[in-house]
Amino acid sequence: MNSTHSERLDYLVVGAGPAGLQLGQLLQAAGHGYRILESGHAPGTFFGTFPRHRKLISINKVYNGTDDPELNLRMDWNSLLSPDPHLLFSRYSKRYFPHADDLVRYLADFAEAFKLDIAYDTRAERIRRDEDGFTVTDQHGHEHRARRLVVATGLTRPNTPDIPGIETADDYSVVSVDPEDFIDRRVLIIGKGNSALETADNLVETAAVIHVAGPHSVRMAWNSHYVGHLRAVNNNFLDTYQLKSQNALLDGNVLSVEKDPDGMYRVRFSFSRADEVVKELRYDRVVVCTGFRFDASVFDPECSPALVIDDRFAALSPAYESVNVPGLYFAGTLMQQRDFKKSTGGFIHGFRYAVRALSRILDERHHEQSWPQRQLESDPAALADAVVTRVNRSSALWQQFGVIGDLIVTPPGEPARYHEEVPVAYAHERELPDSGDYFTVTLEYGPDHDKVDPFDITVRRTAQNSVDDAFDAAYLHPVIRHHGGGELLGTHHMAENLENHWDDPEVHHAPLAAFFARELDRRPAPAGR
């Protein structure tokens, strides 16, 4: 018999991982009624298992030569945002690539420090719409109700490719991580991302042969600037391939996997770059490391979110809301649908800022709270001062490059309004600048930054502090854009700087102030003049 939690909350948050905890703390601080539903017995249960080899690739650089907490967050990829200056992950580990267990401890302490309302051992098994919002039924038959629902579960289902016989292989989520279990074995690893190469590195000393296979080229994070691509900490295997140590990267498609009665695998493979069309290879073990996808199976059909990117993610509006289910929002790694493989929305150091932005969007939409702002003189020098100060210090703009920016609204005849950390797409759609005239401030890499080898010294690079060539700078640098009447009116690139100090009076401040002066003169005159 079902029992019902009759209290209708403002928000139900599904998942007590980093995003659920971050949003819970923000909702609680704002005084909203909320509850977090968590299937496990503690926060962050995903990190109790993953990554399988327990080394995080989210950096934890403790010593940065500064005591500025905002600047330190640029090199701290695991801390959540909070009003407690001591509740930082760097107090839990000094390792650059920390152990996943330390993150689990940190998340538990974060939840306890704020006494967050979390219902543990509460797995959402059915989600449906009702006349006043959403109802979530858990595995015990209890019903939880709220006006709005935020899904912060992450990607929980294996993203298993459609290959005949793939079910006979080992999945990354359950395969043994003991190298001794692979002594003298021929191993095929399907996938070319961090989980695949992490697994390969673990077996280099014991496996006889390791092949890593996939249809796409390996993308290096140091080239693409996307931290989810292959990280250097996991690329030792590439040396063993290129230096002829019996291992190989196979470029192409696995057509079928067949397990013989003797336990050997026969794998048919179609090569992309070799003369062979199809070749059959034999292995003792096959491991599938092809990532995860969003699980939408718990939603009733009338409120099931539309899916995109090979059905791996829910399709989101610029407000992180389902494009087809009003009131259904998403937080955490699911937010990366908005910047898929371009910025950092899939990782704690990126989505902590997107979650804070989501909390402000919810306040605007549902609680009549305007986006935080401060007033400035609508004067070119004052605006340049404000921008230079922000780009030299902000962690949000640094981490969510090109996605989250500052917004300066400049109504004629009135003080300027400075809004920090607004998702750029949301600023355009929401029309926060009711005057129709505004500037966005972002940090961005240059055009085609991922198309060249950054270590190739024969490739021309824009000189640092080069004002005239700033528009062509490949490295991260500030970009200020003027919008009005629904159009892009002007763009200014601040000159690239080796140490990310954009504060030279002649190189950075003066050209920016001149840009503001030109653009402010283009605005319509105040009414009545």
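These numbers come from the heavy atoms of this one structure, side chains and all, not from hydrogens, waters or symmetry mates.
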Quick one: does [X]'s side chain have a donor or acceptor within less than 3.5 Å of a partner on [Y]'s backbone?
{"X": "R54", "Y": "P51", "result": "yes"}
{"X": "S224", "Y": "Y226", "result": "yes"}
{"X": "R338", "Y": "Y320", "result": "no"}
{"X": "R74", "Y": "S394", "result": "yes"}
{"X": "T389", "Y": "D385", "result": "yes"}
{"X": "H366", "Y": "L362", "result": "no"}

Short N-O contact, [X] and [Y], less than 4.0 angstrom:
{"X": "E198", "Y": "K55", "answer": "no"}
{"X": "R293", "Y": "D311", "answer": "no"}
{"X": "D363", "Y": "R360", "answer": "no"}
{"X": "D68", "Y": "R393", "answer": "yes"}
{"X": "R219", "Y": "D450", "answer": "yes"}
{"X": "R390", "Y": "E70", "answer": "no"}

Within 45 degrees of the axis of the six-membered ring of F134 and under 6.0 Å from its centre: does R145 put its NZ or CZ there?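 No cation-pi geometry.
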Are [X] and [Y] close enough that a side-chain donor and a side-chain acceptor fall under 3.5 Å?
{"X": "Y438", "Y": "H428", "answer": "yes"}
{"X": "N78", "Y": "N60", "answer": "no"}
{"X": "T344", "Y": "Q399", "answer": "no"}

Are [X] and [Y] an aromatic pair by the rule of ring centers under 6.0 Å?
{"X": "F455", "Y": "W222", "result": "yes"}
{"X": "F330", "Y": "F313", "result": "no"}
{"X": "F110", "Y": "F114", "result": "yes"}
{"X": "H349", "Y": "F89", "result": "no"}

Applying salt bridge (Lys or Arg N to Asp or Glu O under 4.0 Å) to K342 and E444, what does each step give before you reach the verdict? CA-CA 11 Å; K342 294 179 180 177; E444 300 179 21; over 6 Å; no
Evaluate the side-chain proximity of [Y] to [X]: yes if any heavy-atom separation is below 4.5 Å, no if none is.
{"X": "L37", "Y": "V136", "result": "yes"}
{"X": "D130", "Y": "R8", "result": "yes"}
{"X": "L73", "Y": "Y353", "result": "yes"}

More than 12 heavy atoms of other residues, nucleotides or ligands under 6.0 Å from CD of E506: yes or no?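 Count not over threshold, so no.
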Nearest 0.5 Å, what's the [atom1]-[atom2] distance between [X] and [Y]?
{"X": "L80", "Y": "I348", "atom1": "CG", "atom2": "CD1", "answer": "6.5 Å"}
{"X": "E421", "Y": "R356", "atom1": "CD", "atom2": "CZ", "answer": "4.0 Å"}
{"X": "Q373", "Y": "E420", "atom1": "CD", "atom2": "CD", "answer": "11.5 Å"}
{"X": "L512", "Y": "L383", "atom1": "CG", "atom2": "CG", "answer": "8.5 Å"}

Under 3.5 Å, sequence neighbours excluded: what are the donor-acceptor pairs made by side chains of residues 90-98?
residue	atom	partner	partner atom	Å
R91	NE	H86	O	3.0
Y92	OH	D109	OD2	2.6
S93	OG	R95	N	3.1

Would you give me the side-chain donor-acceptor pairs under 3.5 Å for residues 10-27, sequence neighbours excluded?
residue	atom	partner	partner atom	Å
D10	OD1	R147	NH1	3.2
D10	OD2	G33	N	2.9
Y11	OH	H367	NE2	2.7
Q22	OE1	L81	N	2.7
Q22	NE2	L81	O	2.9

Determine the interplanar angle of the Y475 and Y445 rings, folded into 0 to 90°, and report it as parallel if under 30°, tilted if 30 to 60°, perpendicular if over 60°.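 Plane angle over 60°, so perpendicular.
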